[in-house]
Amino acid sequence: MCGIVGYVGKKSVVGILLDGLEQLEYRGYDSAGVAIKTEDAINVYKAEGKLGNLRDVLTAHLSEVSSSTVGIGHIRWATHGAPSVINAHPHTCNCGNLVIVHNGIIENYKELKIELEAMGCKFRSQTDTESVAHLIAAIYDKEKDLTKAVHIATQKIQGAYALCIMHNDFPKKIVATKRNAPLVIGVGDGEYYIASDVPAFIKHTKNAVYLQDNQVATITNDSFKIEDENGKVIEPKVEVLPWEPVALSKMGYKHFMLKEIHEQPDIIRNILVGKIKTSDSPIVLNEVNLTRETLKNLNRIQIIACGTSLHAALIGKYIIEDFCNIPVDVEASSEYIYRKTVTDENTLVIGVSQSGETADTLTAIKQSKARGSHILIITNRPDSAMAREADSLLSVNAGIEVSVAATKSYMAQLTSFYLLAIYMAEIKGSKSAESLKELKAEMLLLPQKLEQILTQKQQIQACARKYANTRDFIYIARGINYPTALEGALKLKEISYINATGYPAGELKHGPIAMLDETMPVLSILMNGSVYEKLLSNSEEAKARNARMIALTNSNNPKLNDLFDDIIRVPDVVELLSPLIAIVPLQLIAYYIAEFLGKDVDQPRNLAKSVTVE
Ligand code: F6R
């Protein structure tokens with residue numbers, strides 16, 4: 001879970017590598033480094049901490065590398081070895097002639113290390129990556145062909161990797177390869193970019209080739225060649241990328257997270273266009289490749305996801321069971337893959353992932369596919385590894401999400417689940433046409449309601465600040481908003497580091513109530529509907545233990561003024577759609593608390609946006 005970049009061309013490489021790494025900071029940000037080809041050597045520069053530290057190092061050495069036009073770079077999220085200069089990439093062989101950057105995990109690095117040490121290699125870092133540098137260098141010393149050496153080395157290494165390799169014998173060459181980790185080559189005019197993800201070069205070129213597993217690319221300033229794992233040259237498929245560079249700017253907002261929260265009304269609008277034409281017409285979901293017959297006969301659905309996507313999946317379960325009468329199980333991918341799961345060809349397996357890269361979810365999906373299930377993927381990245389496994393692909397079209405804390409992608413995943421559930425219910429005839437019509441009409445009103453919430457952000461900010469110095473926070477809800485409580489709590493803990501927990505309100509008295517006193521804020525997601533009265537009682541129980549009470553509500557019940565210290569009001573909405581409304585103030589509360597505390601909102605400590613390790 002790191003970001004890698006490379007460039008071969010005619011422009012000065014330093015700025016290109018640094019800018020590319022900046023766009024990949026979402027993948028990790030605990031240390032960074034570059035290797036740059038100079039006239040007679042490959043110079044390596046590294047720094048611990050955020051990318052700014054590497055910028056400072058390079059500024060101090062600019063005269064050494066300003067005219068160089070070939071280089072590779074890396075931004076790290078540590079897996080093997082602490083974040084430090086020694087462990088930062090690029091890693092080199094002992095003579096320093098070969099340098100590599102790596103994203104992924106080399107599973108057999110210990111065995112390789114023993115072999116390589118026996119051959120005289122001296123290891124300097126605690127990383128798994130260094131073994132690959134020594135291995136390729138040792139093979140290259142015999143073969144004198146860098147591409148061939150990479151082919152041979154990758155047959156010996158196990159695990160997941162994207163690698164870029166340079167050798168001092170070749171002033172303008174980078175060799176790149178990958179297995180179960182992303183790598184894309186940007187094709188410019190007399191220049192090539194290599195990166196873990198498109199944002200690293202989108203401002204330079206929109207033409208790109210996605211490298212496939214086990215392919216090896218040899219890139220020079222005026223050519224590139226791709227070979228399959230047997231060394232057979234294959235015709236590269238150049239795609240024109242749909243991304244716009246402007247999507248990666250903060251557009252005047254202080255943080256990407258705040259910008260992304262504000263994008264949510266338009267994201268819902270964009271998703272609904274063409275799918276809900278009018279509330280009278282059936283949902284159009286051409287992306288679902290299941291026959292009507294198969295959909296009708298489905299006996300089970302499993303949804304697999306991690307983190308915020310898991311919370312979207314829990315709401316997906318609620319609505320699919322309600323609308324379609326099909327049993328739905330939701331499971332964290334990391335649990336799913338290490339037990340015997342029962343799936344067959346009558347089970348629909350849905351994988352949910354913003355990035356489409358999350359290792360646990362990808363593995364789970366591959367396992368289910370091997371058992372013959374139809375795989376439906378809900379993702380924000382139609383170009384991702386997970387999307388390539390899909391039999392049906394629901395692309396949520398939220399645009400690139402830069403902030404590590406997921407907001408707009410969650411909204412887009414939820415909206416997609418509603419569309420899917422209504423679509424299936426229409427085919428199965430499992431919910432009355434009248435109720436589905438009302439729901440669709442309500443969905444079309446959602447963007448305006450979200451905009452209304454965003455106009456009240458100052459009040460939400462004021463409320464957030466009152467609670468910024470708390471050490472703990474409890475969110476309670478029932479029914480369809482229980483996952484909203486989990487997601488609200490996750491948002492707060494990941495960006496403010498406050499210990500926040502979401503509970504089904506009925507569980508409070510089975511243990512957690514012991515924690516309540518006058519220091520504990522309890523935020524009750526009190527939306528009108530079937531569980532309103534029950535949640536009101538649970539809130540009273542919390543108040544009776546002197547907790548500091550906050551309501552997030554669409555109710556005008558005057559009783560709330562006595563019960564709650566603070567009330568955040570949201571527009572009225574039918575209960576089934578309330579998670580789409582209730583999450584927005586919770587995202588804002590988390591944002592404003594973290595911002596007030598001066599935290600690194602877009603890049604919280606210890607996290608990375610794409611979790612490509614199990
Ligand atoms: C939290 C967050 C993470 C991700 C999780 C899964 O804000 O972003 O919990 O949701 O790492 O990532 P994806 O959705 O890319 O599979």
Side-chain angles (χ1 to χ4, degrees), residues 1 3 24-29 77 180-182 196-197 199 255-258 260-261 264 303-316 330-337 350-366 376-387 389-390 394-414 416-417 483-484 486-498 500 502 583-584 586-591 594 599-614:
M1 197 163 58
L24 297 184
E25 273 188 298
Y26 74 86
R27 304 180 69 85
Y29 34 79
W77 185 85
N180 292 330
S196 300
D197 198 0
H255 294 100
F256 278 107
M257 181 176 176
L258 192 58
E260 287 160 3
I261 292 172
Q264 295 181 112
I303 317 183
I304 319 163
C306 304
T308 290
S309 298
L310 184 66
H311 299 152
L314 287 167
I315 292 173
V330 176
E331 194 162 351
S333 318
S334 51
E335 292 299 315
Y336 183 92
I337 56 183
I350 305 180
V352 192
S353 174
Q354 186 287 127
S355 63
E357 269 192 66
T358 302
D360 287 321
T361 309
L362 189 56
T363 307
I365 289 299
K366 286 181 176 168
L376 189 152
I377 299 291
I378 298 179
T379 183
N380 195 27
R381 297 300 301 264
D383 53 347
S384 62
M386 225 177 280
E389 298 294 325
L394 272 186
S395 173
V396 304
N397 294 330
I400 288 184
E401 189 174 59
V402 177
S403 174
V404 166
T407 52
K408 64 174 181 172
S409 61
Y410 176 73
M411 186 64 75
Q413 289 168 349
L414 282 189
S416 301
F417 265 121
T484 311
L486 296 178
E487 176 57 10
L490 177 63
K491 285 289 91 75
L492 184 62
K493 67 186 141 198
E494 71 183 318
I495 62 169
S496 71
Y497 321 141
I498 290 170
I583 191 57
V584 180
L586 301 185
Q587 294 168 340
L588 286 169
I589 287 175
Y591 172 78
K599 302 294 183 206
D600 193 345
V601 172
D602 286 333
Q603 294 175 347
R605 71 183 181 202
N606 305 341
L607 290 178
K609 192 150 184 74
S610 283
V611 186
T612 56
V613 292
E614 282 182 11

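We count ligands from 1, going down the list as the structure has it; atoms in each ligand are counted the same way. For the numbers below, each heavy atom of this structure counts, side chains included, while hydrogens, waters and symmetry mates do not. Everything quoted here is computed from the prediction, not taken from an experiment.
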ask   = At a non-hydrogen distance cut-off of under 4.0 Å, which region of Glu357 contacts ligand 1 (side chain, backbone, both, or neither)?
value = neither
ask   = Which value, rounded to the nearest 0.5 Å, describes the distance between Ile400 atom CD1 and Asp197 atom CG?
value = 6.0 Å
ask   = In terms of atom number and element, which parts of ligand 1 are under 4.0 angstrom from non-hydrogen atoms of Ala406?
value = 7 (O), 8 (O)
ask   = When you check the side-chain N and O atoms of Glu401 and Ser409, is any donor under 3.5 Å from an acceptor?
value = yes
ask   = Numbering the atoms of ligand 1 from 1, which are under 4.0 Å from a heavy atom of Ser353?
value = 13 (P), 14 (O), 15 (O), 16 (O)
ask   = Which ligand 1 atoms does Lys491 reach within 4.0 Å, using its non-hydrogen atoms?
value = 1 (C), 7 (O)
message = When you compare the side chains of Asn397 and Ser395, does any donor N or O come within less than 3.5 Å of an acceptor on the partner?
response = yes
query = Of all the non-hydrogen atoms in the protein, which one sits nearest to atom 3 (C) of ligand 1, and at what distance?
reply = Thr308 N, 4.0 Å
query = To the nearest 0.1 Å, how far is atom 5 (C) of ligand 1 from its closest protein heavy atom, and which atom is that?
reply = Cys306 O, 3.7 Å
inquiry  = Quiz question: by atom type and distance under 3.5 Å, do the side chains of Ser309 and Gln354 form a donor-acceptor pair?
reply    = no
task = Could you find the nearest protein heavy atom to atom 11 (O) of ligand 1 and give me its residue, atom name and distance?
result = Val611 CG2, 3.9 Å
request  = Report the nearest protein non-hydrogen atom to atom 7 (O) of ligand 1: residue, atom name, distance rounded to 0.1 Å.
outcome  = Glu494 OE2, 2.6 Å
ask   = Excluding sequence neighbours, so at least two apart, what forms ring pair (Phe, Tyr, Trp, His ring centres under 6.0 Å) with Tyr591?
value = His255
key: Qualifying residues under side-chain hydrogen bond (donor to acceptor under 3.5 Å, both in side chains), relative to Ser333, sequence neighbours excluded   = Thr361
key: atom 15 (O) of ligand 1: the protein heavy-atom neighbour that sits closest, reported with distance to 0.1 Å   = Ser355 OG, 2.6 Å
key: Ala405: numbered ligand 1 atoms lying under 4.0 Å from its heavy atoms   = 7 (O)
ask   = Can you tell me the protein heavy atom closest to atom 12 (O) of ligand 1 and the distance?
value = Thr358 OG1, 3.4 Å
task = Below 4.0 angstrom from a heavy atom of Ser309, which ligand 1 atoms are there? Numbered from 1 as shown, please.
result = 10 (O), 13 (P), 14 (O)
inquiry  = Just verifying a value: how many Å separate Thr379 OG1 and Gln413 CD, rounded to the nearest 0.5 Å?
reply    = 8.0 Å
ask   = Hey, is Val404 one of the residues with a heavy atom under 4.0 angstrom from ligand 1?
value = yes
ask   = Atom OG1 of Thr484 and atom NE2 of His311: how far apart are they, to the nearest 0.5 Å?
value = 10.0 Å
message = With no hydrogens and no angle check, just 3.5 Å: does a side-chain donor-acceptor pair link Asp600 and Tyr29?
response = no
